[in-house]
Structures are given as C-alpha cells and as structure tokens.
Amino acid sequence: NDPEAVETEDDAAAAAAEPAGDNAEPGDDVVIGFSGPAAGHGWIGAITEGAQNQGDEFDDVELRVSEGTDDVNQQISQIEQFINDDVDAIVVLPFDGAALTEVAIEAMNAGIPVVNVDREFSSPFAARTTILGDNYGMGVSAGTYICEQLGDQDDAVVAEIAGIDSLPLTQDRSQGFEDALSDCGMEVENRVAADFTVAGGESATANLLQAAPEIDAIWNHDDEQGVGVLAAIENAGRDEFFMIGGAGSANMMREIESGDSVVEATVVYPASQAADGVRLARLLAQERAMSDLVESDVPREIQLYAPVVMG
Amino acid sequence: MRGIIKHFPGAKALDGVDLDIRAGEVHCLLGQNGAGKSTLIKVLSGAHQPTGGEILWKGEQVTIPTTMAALRLGIATMYQELDVVDGLTVAENVFLGHELSSGGVLHRATALERTRDLLRRLGHPEIPAQREVGRLPAAGKQIVSMARALSHEAQLIIMDEPSAVLDPEEVENLFRVVRALRDQGVAVVYISHRLEEIRRIGDRITVLKDGRTAATSLAVQDTPTRELIALMTGHEVISDFGGAAVGPISDQPLLEVDGLSLEGIFEPVSFDVRPGEVVGLAGLVGAGRSEILETIYGARRATTGEVRVKGKKLRRGSIADAVNHDVGLAPEERKSQGLLLDEPIYRNITLSSFARFARSGLLNERAERSAAREQAEALHLSPADVARNIRTLSGGNQQKAMLARWLVHGCEVLLLDEPTRGVDVGARAEIYGLVRELSRRGTAVLMVSSEIEEVLGLADRVLVVADGHVVHTGATKDIDEHQVLDLVMEGAHG
Amino acid sequence: MSEATATGSVPGADIPAQEELPHRDLSPVEEKAPKKVAGSNLSLGHSLGLVLALGALVALGVITGGDRFLSLANLMVILQQAAVIGVISIGVTFVITSGGIDLSVGSVMGLATVWATTLGTQAMATDIHWSIMFFTALAVGAAAGLLNGVIIAYGRVVPFIATLAMLVAARGFAELISGRQTQIITVQGFTSTFRGDLLGIPIIVWMFLIVALAGWFLLNRTTFGRRTIAVGGNPEAARLAGIKVKRHLVMIYTLAGLCAGIGAVMMLSRTTSGSSTHGYLYELDAIAAVVVGGTLLAGGRGTIFGTVLGVLVFAVLRNVFVQNNLDSSVQAVVTGAIIVGAVLLQQRFSSHSRT
Amino acid sequence: MSEATATGSVPGADIPAQEELPHRDLSPVEEKAPKKVAGSNLSLGHSLGLVLALGALVALGVITGGDRFLSLANLMVILQQAAVIGVISIGVTFVITSGGIDLSVGSVMGLATVWATTLGTQAMATDIHWSIMFFTALAVGAAAGLLNGVIIAYGRVVPFIATLAMLVAARGFAELISGRQTQIITVQGFTSTFRGDLLGIPIIVWMFLIVALAGWFLLNRTTFGRRTIAVGGNPEAARLAGIKVKRHLVMIYTLAGLCAGIGAVMMLSRTTSGSSTHGYLYELDAIAAVVVGGTLLAGGRGTIFGTVLGVLVFAVLRNVFVQNNLDSSVQAVVTGAIIVGAVLLQQRFSSHSRT
Ligand SMILES: Nc1ncnc2c1ncn2[C@@H]1O[C@H](COP(=O)(O)OP(=O)(O)OP(=O)(O)O)[C@@H](O)[C@H]1O
Ligand SMILES: Nc1ncnc2c1ncn2[C@@H]1O[C@H](COP(=O)(O)OP(=O)(O)OP(=O)(O)O)[C@@H](O)[C@H]1O
Ligand SMILES: [Mg+2]
Ligand SMILES: [Mg+2]
C-alpha cells in the first residue's frame with residue numbers, strides 16, 4: 001500500500017548507517033509543532049491531551065500546541081508559522097486532510113518532517129509518516145459483530161447513530177458498516193447523525209427511538225456522544241436491543257463491564273495516535289531509528305487496529 | 001390638487017382636500033394638529049400614494065409615484081421630521097439622492113463648493129460643509145434640510161413647520177430666503193402653527209380641518225386671525241396665556257439651583273423657583289438652555305454646583321433621585337427623548353409612574369389606564385382612546401401626552417423644554433391653561449421656549465441665556481420682547 | 001390677552017373640566033382598524049402565522065408518521081427536546097426585547113454544567129446533596145450573566161461584543177475546569193430527581209412550562225417587564241422618565257444567565273453529564289427561535305408565546321425529519337426554506353407590519 | 001399649479017447672502033469636540049483605540065518572539081490568514097452599515113468553493129481554463145447574495161432570519177453537490193495563478209489589499225457608499241430623498257455575496273480544495289471583526305479601515321498565541337478578555353460616544 005517505495009528505500013539506506021539505540025534515551029533538543037482540530041468533542045480533546053502529555057514526558061522535546069481549530073485556513077497558517085519558526089518536526093491532525101495537503105508539502109519541501117495523524121493527506125509527498133486509525137475497519141468490525149449476533153434474523157432492525165456527517169471519517173465508518181451488514185443480508189434501517197457531542201447524541205437518539213419503535217441493534221460511532229445516547233435510551237426506557245459503541249472511552253468500558261446496560265461492546269479507536277505521532281516526530285527530528293522494529297527505520301504508514309472489545 | 005383622499009389603516013387622514021398653488025406665491029397651510037397637513041404634502045411629494053383624488057401640475061394631470069418623480073417635476077420638500085442622515089456630512093446630506101457624480105464616483109469638491117455656497121446664501125457660512133450632521137444642533141439640521149430643498153431646481157418648495165426648531169433670529173433668516181424664492185417665481189407652501197409668521201410671510205391661506213378643506217385660498221390681508229382660528233378649530237379660541245401669572249404662593253423656594261455648571265456648555269447659574277411660580281429661560285438656539293434643564297434633572301452630570309428641592313440636595317447625575325423628589329421633565333425632542341412610539345398612549349403616560357400603580361412588582365393596568373384616561377380627557381387628547389398606539393397621534397397630541405405623564409406622576413417641580421413646539425393654537429391655549437392651573441396648585445415650573453412672547457406671557461420671571469451665560473434675570477413685567485432680543489443678540493455675538 | 005378662558009384642567013382640582021370645548025374627532029375609522037386584543041403579547045393574531053406553520057408541520061408529521069407521531073411518548077420527546085433550548089430562549093427573549101443580544105448563553109450553560117459536575121463529582125466526592133449541584137448551576141449562570149450586564153451597562157460595550165467575549169471565554173474556562181473531559185454525574189439524587197415524571201409528564205417539561213409561564217408573567221404583568229419593553233423601545237425616554245436603565249440592563253442579562261443556569265440543570269439531567277461542549281451554538285438556535293417567534297431584534301417588542309412557538313417549530317421539524325429518515329444535507333436545505341416560509345406566513349397573518 | 005414661471009436655475013442661487021447680520025454659530029462647540037480629520041472613515045482618531053490595541057499586540061509579539069515575529073515571512077503568514085476573513089468582512093461591513101446583518105457569508109463561501117471545484121474536477125474534466133472556476137465562484141456568491149437581498153428587501157423578512165436560512169440551506173446544498181467529499185482542484189492553472197507571489201507578496205494578500213481599497217473607495221467616495229450609510233442611518237429619510245431603498249438593499253447583499261465569492265477563490269487557492277465545511281462559522285468572525293472595528297451594528301456608520309484593523313487584531317492575536325505556545329483553553333479565556341479590552345480602549349479614544 002506504499003507507492004513511494006523508492007523514497008522509503010533511500011531513507012532506509014540513510015538510516016541503516018546509524019545504529020538503532022533505545023528510543024527513550026534523551027537525544028538532541030528538538031521543537032515539535034502540533035496542530036489539530038478544535039477540541040469540540042472528547043476524542044479530539046483526548047488526542048490533544050495525549051500529545052501534550054507525551055511532549056511533557058520527553059525532556060528533549062519542546063512541543064508547541066497551536067489552538068485547535070476547525071477552520072482549515074487557520075490551520076494552514078499554523079503550519080506556515082511552524083515552517084517560519086523552523087521547527088524540527090510537525091505533527092498534524094488535519095481538520096480536512098485534502099485541504100492541508102499543500103501546506104504539508106511545503107513543510108516537507110522545507111525539510112521539516114511531517115507526521116500525519118488520523119485523517120490522511122491526499123498526497124503521499126505531504127507526510128514523512130502517517131498514523132491512521134482504521135475508520136472503515138471500525139465500521140466493518142461493528143457490522144460484523146452485529147451480523148454474528150443477529151445472524152439468523154434477516155428482518156432485524158439495525159440503527160446507526162453517526163457522528164458529524166460531513167467528515168470523511170464518518171463516511172468511512174458508515175461505508176464499512178454498510179458493507180459488513182450487506183455481507184449478511186442486512187441493512188441500516190434508521191440512521192441519524194449527531195455531532196460527536198453528548199448533547200447531540202442525546203437529541204438525535206431521542207428522536208431516533210421515537211421513529212423506530214422496535215430496534216434490534218444500534219451502532220453508535222462515538223462513545224463520547226454515547227453518554228448522551230445512553231441517557232436518551234434510559235430516558236425512553238427502552239432495552240429491547242443491544243448497542244455497540246465506537247472509539248472506546250473509559251465511561252463506556254465501565255458500562256460494558258457492569259453488564260446491566262444495553263451496551264455490549266465497543267469498537268476501539270485509539271486516542272493515542274497523536275501521542276505516537278509526537279514520539280515518531282521526535283525520532284524523525286533527532287534522525288533516529290525505531291529500536292523496536294526489525295526494520296528499524298520509522299515506517300511510512302502505520303494503521304492502528306480497531307478491534308471490538310466486549311464485556 | 002383636487003379631492004385628495006388618503007386612508008391609513010385605522011385612520012382617515014385626508015377626506016377630500018383641495019389645494020391650489022400659484023407660481024410666485026407663499027401659500028400657507030393651516031390646521032390643527034392631526035388635521036392632515038403633513039399627509040397632504042407627503043401626497044404631493046410622492047412619499048404617500050393618495051387613496052383618491054387627482055393632482056394637476058401646470059394644468060396637466062399627473063401621478064407622483066415616488067419622491068424622485070416629485071423632484072423631477074420640480075417639487076422639493078422639507079419634511080417635518082428632520083429628514084437628515086446623522087452619519088453623513090452636511091454636503092452629502094444636501095446632495096443625498098441626487099449626488100453630483102459621474103459613473104457613481106462622487107465629485108466631492110464640487111459638492112462641497114455648492115454646499116458652501118448654499119449655506120452662505122442661507123446665512124450660515126459657519127456650518128462646515130464637511131461636518132457630520134449628527135453633530136449639529138437641531139436648528140443646524142433644519143438649515144441642512146433647507147439647503148437640500150434649495151439644491152434642487154424646484155418650482156415648488158414645501159416647508160413643513162420649518163420654524164419649529166428655530167429661534168426668532170433664525171426665523172428672520174428663513175423669511176429672507178422665502179421672500180427671495182418667491183421673488184424668483186418659485187411657489188412656496190409654508191406650514192406653521194405660529195399665526196404671526198403666517199401674517200408676515202404668507203400670501204394666501206388654505207385651512208384644513210379634520211382632513212377636509214375648511215377654506216381655501218384666503219388672502220392673508222383679508223382674513224383676521226380670529227377668523228382663521230375659528231376655521232381651524234371650529235370655535236373661537238382666545239389665544240392668551242391662561243390669564244395673569246399666579247405668582248409665588250410662598251416665599252420658601254421649592255427648587256434651588258446653586259452654582260450649577262456644565263463644563264464647556266454653560267457657566268455657573270444660580271436661581272430658585274418658588275411654589276406657584278413660573279420661571280422662563282429665554283435665549284437663542286444653542287444657548288444651552290436645554291442643558292441647564294437636563295443638568296438640573298440629573299440627565300447630565302453637573303461639573304459644579306448643586307440642586308435642592310424643598311431644601312433637600314439632589315444626587316448629582318441621578319434622574320431617579322430627581323424623580324423621587326417629584327421633579328419632572330418634558331424633554332425637547334418628543335420622539336427621541338420622550339415617547340415609546342410603538343406602545344399604547346396610556347403606557348406612555350404612565351411611563352414614570354407605572355411602578356406606583358403596581359403592587360410588589362405586579363402591574364395594575366386597569367388603574368394605569370383609568371388614570372391615563374382621566375388626564376387624556378382633561379387635556380382633550382384626540383383621539384382619547386388611550387389604548388391606541390401613540391405613534392398615530394399628531395405632534396400636538398403627543399406633546400399633551402408628555403405633560404399628562406407628569407400630571408399622573410404628580411410633580412412639584414416641572415421642567416418644560418419647548419412645551420408648545422409644533423403644537424396648534426387650540427392645544428397651545430390648553431397647555432397654557434394647564435401650566436396656570438399647576439402653578440395655582442403650588443407647582444414650581446421652569447420652562448424653556450424659543451418664542452420670547454411665550455416666555456414673557458407665561459412666566460413670572462425670566463432668565464435670559466446667551467452662549468452659556470445668564471445675562472439677565474428679572475421679572476417679566478419689567479422687560480419687553482425687544483429688550484430680551486437685544487440682550488440675547490448681545491450675548492450671542494458679543 | 002387678559003380674560004382667562006382656562007381650558008386644560010387638572011383632575012382632582014376643583015375646577016371642572018370645561019365642557020363647551022367641542023372635542024375634535026379624529027378617532028380611527030373603526031371598520032378599518034384591525035381588532036386588537038389588549039396586551040398585544042397575548043394575542044393569537046400576532047402569532048397566527050406561526051401557529052399555522054406549526055400546524056402544517058404537525059400535519060406533515062401525521063401524514064408521514066401516523067399514530068406514532070401523535071403518540072404521547074413522541075409528544076414528550078418533542079417537548080423534552082424543546083425544553084432546554086426553550087428555557088434559554090425565554091431568557092434571550094428578555095435580552096432581545098431590551099434591544100440587546102446575548103451570544104453567550106450556550107457557553108455559559110456549558111460552563112454551568114461543568115462547574116456543577118466538578119463540584120458533584122470531584123471536589124466533595126459523591127455524597128453531597130443534589131440541591132447543591134442545582135444551585136451551583138444556577139449561580140454560575142447568573143454570575144456570568146451579571147458580568148455580561150455590568151460590562152454592557154457600565155462598561156458601555158455593545159452587547160454583541162461583550163457577550164461574544166463571554167462566549168469565547170466561558171467555553172475556554174469550562175475546558176480548563178473539566179480538562180476537556182465529559183464528567184458523568186455521580187450524585188445519585190440529582191438524576192433521579194430530575195429524570196422523573198409528574199402526572200405522566202417529565203420533570204424537564206414541567207420546568208420548561210413553569211419558566212415559560214413565569215417569563216410570560218414577568219414580561220407582561222410586572223414592572224420589570226414593562227421596564228424591559230421601555231428600555232428596548234426608547235432607552236433615552238426610559239432614562240428621562242426615571243427608569244434606572246443601567247441597573248435594569250444588568251438585571252436582564254443576569255436573568256438570561258439564570259435561564260442558562262436552569263438550562264444547564266436540565267441538560268445535566270438529560271445527558272447525565274457535564275461537558276464544555278454542552279450548549280455549543282445554542283445561542284444561534286435560541287436567537288433564531290426568539291426572532292422567528294416575532295420578538296423584534298431592534299427591541300421594544302417581545303413575545304414569550306411567540307418564542308415558545310418558535311422553539312416548538314424547530315423541535316417538531318427535527319422530529320419529523322428523523323421520522324422520515326431524511327438525509328442531513330437535505331434537512332438543512334429544507335430547514336432553510338421552512339424558516340423563510342414560516343416568517344413570511346407569520347408576516348402575512350400578523351396584525352403588525354414591520355418595515 | 002397653473003402658470004409656473006419655470007426658473008431654469010437653482011432657486012437658492014439668487015438669494016442675497018445676508019451680510020449685515022453677524023453670523024451666529026450653529027456648528028457644534030469646537031473645544032468640546034475632539035479634532036477630527038475630514039472624512040470620518042479615514043480618520044485615525046476614530047480607530048485610535050484599535051490601533052493602540054493592535055500596537056500592544058505587536059509589541060507583545062516582538063517581546064515574546066523577537067525577530068522571528070517581525071520577519072517578513074511571519075508578517076505574510078499573518079496577512080494570508082487575515083486575507084480570506086478580511087475580504088468577507090469588507091462585504092459584511094456594507095451590510096452592517098446598511099443596518100442589516102449577514103449570517104450566511106461563511107456558508108455561501110463554502111458553497112462557492114464546492115461549486116467551483118465541481119465544475120473544475122468533475123463536469124468538464126481538468127482542461128477548463130482556471131478563469132471559469134474563478135468566475136463560477138464569484139457568480140455563485142453573488143447569486144446567493146442576490147437571493148438574500150430579494151428575500152430581505154421584497155419579502156420583508158428580517159435580515160437575521162433570511163440570512164440564517166441561507167446559512168443552513170447553502171451548507172446543505174454544498175454537501176449535496178459535493179457528496180460531502182473534499183474536492184481537490186485539478187485545474188492546473190488555478191493553483192499556480194493564485195498561489196504565486198507578486199513583488200514578494202502573495203497574490204492572496206494583494207487580493208485582500210485590492211478588495212479593502214475598493215471597499216473603502218466604494219463606501220466613502222461613491223454614491224453607492226453614501227446611500228448605504230443613508231439607508232442604514234435613516235431609511236425613511238433615504239426613501240424621502242428619492243433613494244430606491246429596496247433596490248439598494250438587494251445590491252448590498254449581492255455585494256456581500258460577491259465578497260464571499262472572492263473569499264471562496266482565495267480559500268480554494270489556500271487549500272487547493274473545495275469543501276462544504278469551508279467557511280464554517282466565518283460569519284461570526286467577520287461580524288466580530290466588523291463590530292470591533294467600529295462599524296455600528298445598528299447601521300448608519302461604517303468604517304472599512306476599522307474592519308481591516310479588527311481582522312488584523314484577531315489574526316495577530318492568534319499568531320502571538322501560537323508563538324507563545326499557550327494552551328488553547330487559556331487562549332479562549334484571554335481572547336475574551338482582549339476583545340472587551342480592545343473595545344473599551346477604542347471607546348476611550350474614539351470621538352464618538354454611544355449611549
Ligand atoms: N402612518 C400613519 N398611520 C396611521 N395614521 C396616520 C399616519 N400618519 C398620519 N396619520 C394620521 O393622520 C392624521 C393627519 O396627520 P398629519 O401628520 O398629516 O397631521 P398634521 O396636520 O401634519 O399635524 P401636526 O400639526 O401635528 O404636524 C392624524 O390623525 C394622524 O394620526
Ligand atoms: N453632547 C454634546 N457635546 C458637545 N456639545 C454639545 C452637546 N450637546 C449639546 N451641545 C452644544 O451645547 C450647546 C447648547 O445646546 P442646545 O442646542 O440644546 O441649546 P438650547 O439653548 O437648549 O437650544 P434649543 O433651543 O435648540 O433647545 C449647543 O451649541 C450644542 O451644540
Ligand atoms: Mg405635520
Ligand atoms: Mg434646547
């Protein structure tokens with residue numbers, strides 16, 4: 001899945017000359033810039049927090065975290081400012097990958113390695129390395145789980161509570177979900193979009209439950225909005241269905257473990273991506289290799305696993 | 001204009017009016033407040049569309065769908081409501097709507113030049129053509145409005161109460177302009193409630209009453225004032241000041257003003273007003289009389305000095321304190337300072353006292369309404385239905401509602417700023433009577449008026465204010481109009 | 001000019017009003033005047049267009065959803081949806097009537113939920129009484145509103161800017177307090193108290209009802225409401241009539257903040273959690289509901305009844321959309337059209353025409 | 001009106017200027033009035049507070065960032081960031097000056113980017129000329145603005161509601177067209193044209209500069225601008241002076257839409273992509289910049305210079321924040337405080353006091 005094999009080899013050759021040491025060992029002092037979307041919902045909040053903490057952990061890293069924003073124009077300016085400030089590496093979780101591609105290429109051309117987190121740029125030249133969650137895979141996992149549970153009922157009613165519809169990640173998740181369901185002859189009967197917030201989840205779910213008097217399974221894309229989803233379900237006094245969460249928050253894990261809620265499982269979507277991004281950026285900036293891999297150079301792309309976790 | 005009819009939703013403003021204007025004459029339009037004068041001229045200027053009737057211009061029937069159309073015909077209008085835009089400069093206001101421009105780009109220098117020229121001819125070269133109009137006093141805005149009317153190549157110029165905000169000197173100036181226009185063959189329609197002005201400037205008169213023509217094209221010389229009043233009001237009104245002054249009832253001053261001043265506006269003034277006494281402030285526009293009243297009332301924060309009511313000192317800059325001590329102010333600009341235009345009449349009347357009718361914050365609208373109705377009837381407010389929106393009342397009736405506010409409130413010190421501005425002869429007499437009645441009951445009245453005759457007729461004592469200084473204090477019986485005018489001019493130009 | 005024909009007369013004085021003066025009659029042409037119920041805010045006439053729009057939406061709901069739409073349960077869902085934004089909108093109605101605007105209500109609500117849950121989850125463990133959370137939320141809301149009011153009235157900052165600053169600042173402050181985490185309520189009494197029913201109607205709906213009635217009463221039947229209208233209609237006239245305009249403005253913004261605090265309590269019970277993201281963009285929804293309801297943005301005229309209708313229109317709209325499983329982009333386009341349609345309808349049928 | 005002796009000349013021309021009477025001063029008291037440069041919109045005085053606020057921010061930037069902050073490159077970053085919102089704000093300045101409001105500019109900009117890229121990526125493959133994209137964006141913006149204007153002027157819907165409806169609808173429409181995908185520009189000439197430099201200054205900054213100068217000229221030196229102020233300051237007086245108020249309003253909203261279209265072109269070149277999420281909440285940023293800049297929300301007074309300053313204050317603020325690595329929650333709180341501070345400063349130094 002890597003079209004730039006040549007470049008990777010070049011890098012690998014360069015890196016091979018350097019012995020791989022322990023990655024935790026302090027190296028040169030480096031400045032890393034981080035830019036992400038507005039902390040409008042919990043997952044982004046956790047991502048930013050994670051990056052921040054990771055930065056604090058290393059004595060040799062100064063992490064500059066710019067204001068989270070959903071305005072791509074502003075995010076572009078933040079990257080431009082990082083380029084001007086000549087930071088050693090940049091970690092970007094773009095609000096919209098396509099829109100930030102050009103400025104990321106500028107950064108790369110300026111010799112600053114860019115680590116692309118979660119939402120992918122539209123050009124492979126835009127990032128030195130990319131850490132992706134698997135949004136499509138999330139949908140597939142959730143759909144497959146439902147297929148397993150409801151395999152014998154082909155008239156089952158499946159509902160989906162999506163996040164912000166206009167984000168590609170939501171579209172990927174929904175696509176995966178749809179594809180997995182259609183494999184076992186099911187389809188999404190009712191679908192609402194919330195906005196990744198607790199209140200949005202509550203509101204969308206309350207209406208959904210009214211529109212669908214009988215449901216067998218629900219997949220909720222995001223456990224942050226899941227707090228609201230559960231509140232609405234509890235409020236409506238409904239429990240004829242089971243629910244699968246998404247992204248996996250601590251709250252939801254507790255619910256699953258307790259066993260007395262409609263949530264049976266959640267599809268994990270790691271919030272540690274940005275923290276990993278900072279780690280990799282540090283290695284790139286210090287021109288070090290990855291000690292934990294056999295192929296010790298920092299890889300081109302890392303796609304994180306999105307497993308279903310059950311109680 | 002023949003048989004002009006204009007209906008508003010809820011009111012018939014004009015019900016068959018005839019008006020006939022000749023070139024080179026000053027045609028006066030008379031009528032009580034609400035008779036339909038402004039409505040008539042707005043029909044003529046294209047601002048309103050008539051419900052019925054026809055307009056003939058130079059013998060041909062025309063329709064005037066927009067104000068632009070009227071201007072193109074050669075009809076320019078100075079409206080009663082100051083029709084200037086505060087955010088624009090004098091020159092821009094003068095040429096608003098017919099800007100001197102090519103391709104949309106303004107010719108600023110030419111406009112400034114022409115404006116300066118117009119202002120000079122209007123006797124006000126000191127008004128800077130580049131000044132924002134919002135920073136001019138009301139009289140200055142009126143001049144701008146006049147300059148605008150003159151900037152059109154008009155054959156008919158309509159002036160709706162142009163003298164209301166002007167003082168005697170300015171009125172002279174206005175007349176000079178009107179005469180010059182007439183001599184050039186321009187027709188002028190002139191509306192005013194001051195009958196002596198009509199006598200001096202008018203050629204012919206049309207009288208409106210209740211939206212109908214009561215008399216048309218009377219020659220000014222042949223019509224005695226008494227007859228005009230009878231035509232307007234339908235009965236005889238003896239235009240006086242409600243009888244002789246009552247005079248102070250007691251020697252204990254009710255209102256004491258001590259060394260009061262407002263930096264840059266007026267110098268320290270000291271005087272007092274006793275119960276039953278009427279004190280008048282005379283002076284020219286811009287002399288600072290309104291500011292003295294407003295500072296006493298606490299609407300402006302005094303720089304120095306103090307105000308006492310019945311010996312108790314008022315807190316500086318606190319209107320609430322003044323109102324609590326039963327001081328009331330009927331402000332100069334009714335619309336912007338006094339009225340809630342979209343509220344019913346009774347709520348306007350009880351604006352300063354509704355809390356008194358309320359029990360623990362709970363309104364008692366029935367009591368409010370009946371108190372308001374009582375005053376409305378006593379003042380012959382027309383229409384007397386206090387649930388009506390006050391916006392639909394004519395100017396004079398709105399002024400009466402302002403006075404009713406303080407009658408309902410009950411006040412010991414009443415500050416009146418231009419109480420008869422824009423008020424018709426009938427209502428004027430009623431307001432004078434009211435002031436008399438109040439002094440008989442022991443109210444101390446302090447009033448500002450630009451009509452010196454009014455000050456002298458109504459007040460016991462007069463303070464002549466010029467340029468922020470009190471230049472004369474004395475009993476009104478010891479001084480006449482000319483002396484006051486001389487004092488004022490001396491102060492203003494000296 | 002000597003003989004006094006005293007005309008005007010002061011009631012209570014012993015001189016009788018003079019009768020010989022004929023009253024000029026320019027009373028309105030009765031048959032042309034639209035009938036108006038006293039107290040324009042009560043009048044159905046003013047809101048008729050909106051009632052029609054709401055009726056049309058309900059009809060649409062019934063046609064597409066049948067009994068399910070008309071069920072009591074669905075009605076309660078709609079009302080519960082409407083409740084939070086509804087309570088906030090009541091406060092905003094006062095602000096807009098007074099000629100101002102409050103962009104901060106959504107943020108302030110979020111801040112209040114966070115503050116209350118911080119108190120209820122962390123500071124004093126889980127054994128505090130639920131009423132402490134309740135009053136904390138109210139106090140935070142009112143305090144933020146008070147600050148708005150002081151900046152506007154005494155600092156003379158235009159309301160748009162002052163409350164915009166509060167919008168930004170309160171959101172940031174809420175994030176700081178919560179560390180951007182959603183805080184789940186652990187105080188047991190709270191959820192059970194506010195998530196219950198009374199006579200088959202959820203407590204939240206009761207709260208909305210009570211706040212709306214109280215708001216109506218306050219606006220139309222008290223000196224406070226009268227002052228609000230006066231301040232909005234002509235602040236200078238209100239000031240010259242002796243009304244303490246500044247103090248009153250402070251009270252109005254405090255009231256709006258208080259309503260946001262009440263909204264926070266309802267939000268807490270709806271979502272069982274406090275979060276800095278609660279109430280995001282609620283200010284726009286609230287202002288839209290108020291203005292669609294017929295309150296003049298310029299001030300001087302406000303209607304609680306209209307606001308409630310405005311809120312309901314949006315809530316029913318959303319319900320009907322979900323019922324019909326409409327794509328969210330199509331929803332947006334349709335919503336835009338319906339907003340304009342409702343206002344045009346309202347205009348057509350309202351007794352008062354604006355310019 | 002029978003036999004009128006037409007006087008071909010201006011009537012005022014023959015009035016003898018009165019010389020004998022000394023002139024009395026009807027101009028305002030000079031010593032109380034702060035000195036003002038002719039043409040109030042030009043005047044530094046009016047915006048002095050804002051200039052000071054901007055100066056303070058720059059000083060802060062220099063103290064904390066030193067040369068790096070003052071570098072030409074950083075200046076260009078600030079200007080490029082300010083450019084898009086800046087161009088939109090110029091259009092919004094006209095709307096607000098006319099007494100209206102436009103909430104739809106952000107959405108309309110998003111719609112224009114999507115429409116232009118749909119044309120440029122799908123409909124006609126990649127070989128269309130870039131200017132077609134350019135004019136499409138402008139046309140879409142202007143058309144949406146025109147629709148706003150017609151609904152407001154002829155439908156008599158209050159601007160807040162009409163443009164709110166457009167905000168919602170345009171966003172939905174953009175999502176429908178794009179299928180919620182971000183559309184990357186494939187027309188080569190477009191990006192290369194607009195991402196270039198001229199004399200070391202990015203094209204985008206040039207565009208901002210040109211639009212700002214044109215806006216200033218339009219507002220202060222043309223009949224269009226003067227009429228905008230008249231319509232906003234006193235619509236009745238404007239009507240009586242013969243101005244076609246409705247037609248003028250339509251033009252103003254069309255202009256605002258056009259500016260959003262220009263903003264779309266700039267956004268396209270910045271992001272090399274069109275998306276329905278572009279411009280989200282830009283309306284709030286634009287209104288904030290305009291109002292902070294000193295344009296009266298109530299209409300009747302507008303300043304392009306102030307708007308540009310307002311936009312720059314926000315852009316510099318963000319730049320300084322990033323430079324100082326401030327936590328974004330703290331940033332929000334500080335931003336709130338700075339907004340209020342800037343306005344208080346501006347008030348203190350501005351020549352015009354509000355009530
Ligand atoms: N827009 C309107 N809507 C309803 N009624 C109106 C309107 N304008 C005027 N009227 C009514 O029409 C009548 C005539 O008003 P108009 O302003 O022409 O009187 P006027 O003679 O100019 O009085 P004044 O001397 O006080 O200026 C009044 O009864 C007034 O209430
Ligand atoms: N807020 C202000 N700032 C500066 N000057 C002011 C202000 N208000 C009034 N003035 C000036 O103070 C002077 C007196 O004002 P004003 O015209 O109200 O006086 P007046 O004697 O009441 O005249 P009028 O007959 O018009 O009421 C004027 O020159 C006016 O321009
Ligand atoms: Mg009139
Ligand atoms: Mg005065």
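The chains referred to below are lettered A, B, ... by the order of the sequence lines, with proteins before strands, and numbering in each begins at 1. As the structure is a prediction and not an experimental result, all values here were calculated from the model.
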- Approximate separation, where rounding is to 0.5 Å, of Leu88(B) CG and Arg226(D) CZ: 5.5 Å
- Do the side chain of Arg239(D) and the main chain of Ala47(B) share a donor and acceptor less than 3.5 angstrom apart? yes
- Task: Identify, with sequence neighbours excluded, every residue that meets side-chain hydrogen bond (donor to acceptor under 3.5 Å, both in side chains) alongside His107(B).
- Result: Ser102(B)
- Message: Under the salt bridge (Lys or Arg N to Asp or Glu O under 4.0 Å) definition, can you give me all pairs with a residue in residues 244-260 of chain D, not counting sequence neighbours?
- Response: none
- Between Gly225(D), Ala241(D), Gly232(D), Gly233(D), which has the largest tally of heavy atom pairs under 4.5 Å with chain B? Ala241(D)
- Message: Donor-acceptor pair, distance only, cut-off 3.5 Å: does the side chain of Thr223(D) make one with the backbone of Ser101(B)?
- Response: no
- Message: So which atom in Ala237(D) and which in Val85(B) form the shortest heavy-atom distance, rounded to 0.1 Å?
- Response: CB-CG2, 4.4 Å
- Item | Heavy-atom pair of closest approach, residues Leu106(B) and Asn220(D) | CD1-O, 4.2 Å
- Message: If I take atom CD1 from residue Ile229(D) and atom CG from residue Asp86(B), how far apart are they, to the nearest 0.5 angstrom?
- Response: 12.0 Å
- Correct closest heavy-atom pair for Arg227(D) and Gly97(B) would be NH2-O, 3.2 Å
- Message: Please classify the contact of Leu96(B) with chain D as side chain, backbone, both or neither, using a heavy-atom distance under 4.5 Å.
- Response: both
- Item | Side chain / backbone / both / neither for Arg148(B) at chain D, heavy atoms under 4.5 Å | side chain
- Do any N or O atoms from the side chain of Asp83(B) and from the backbone of Leu240(D) form a donor-acceptor pair under 3.5 angstrom? no
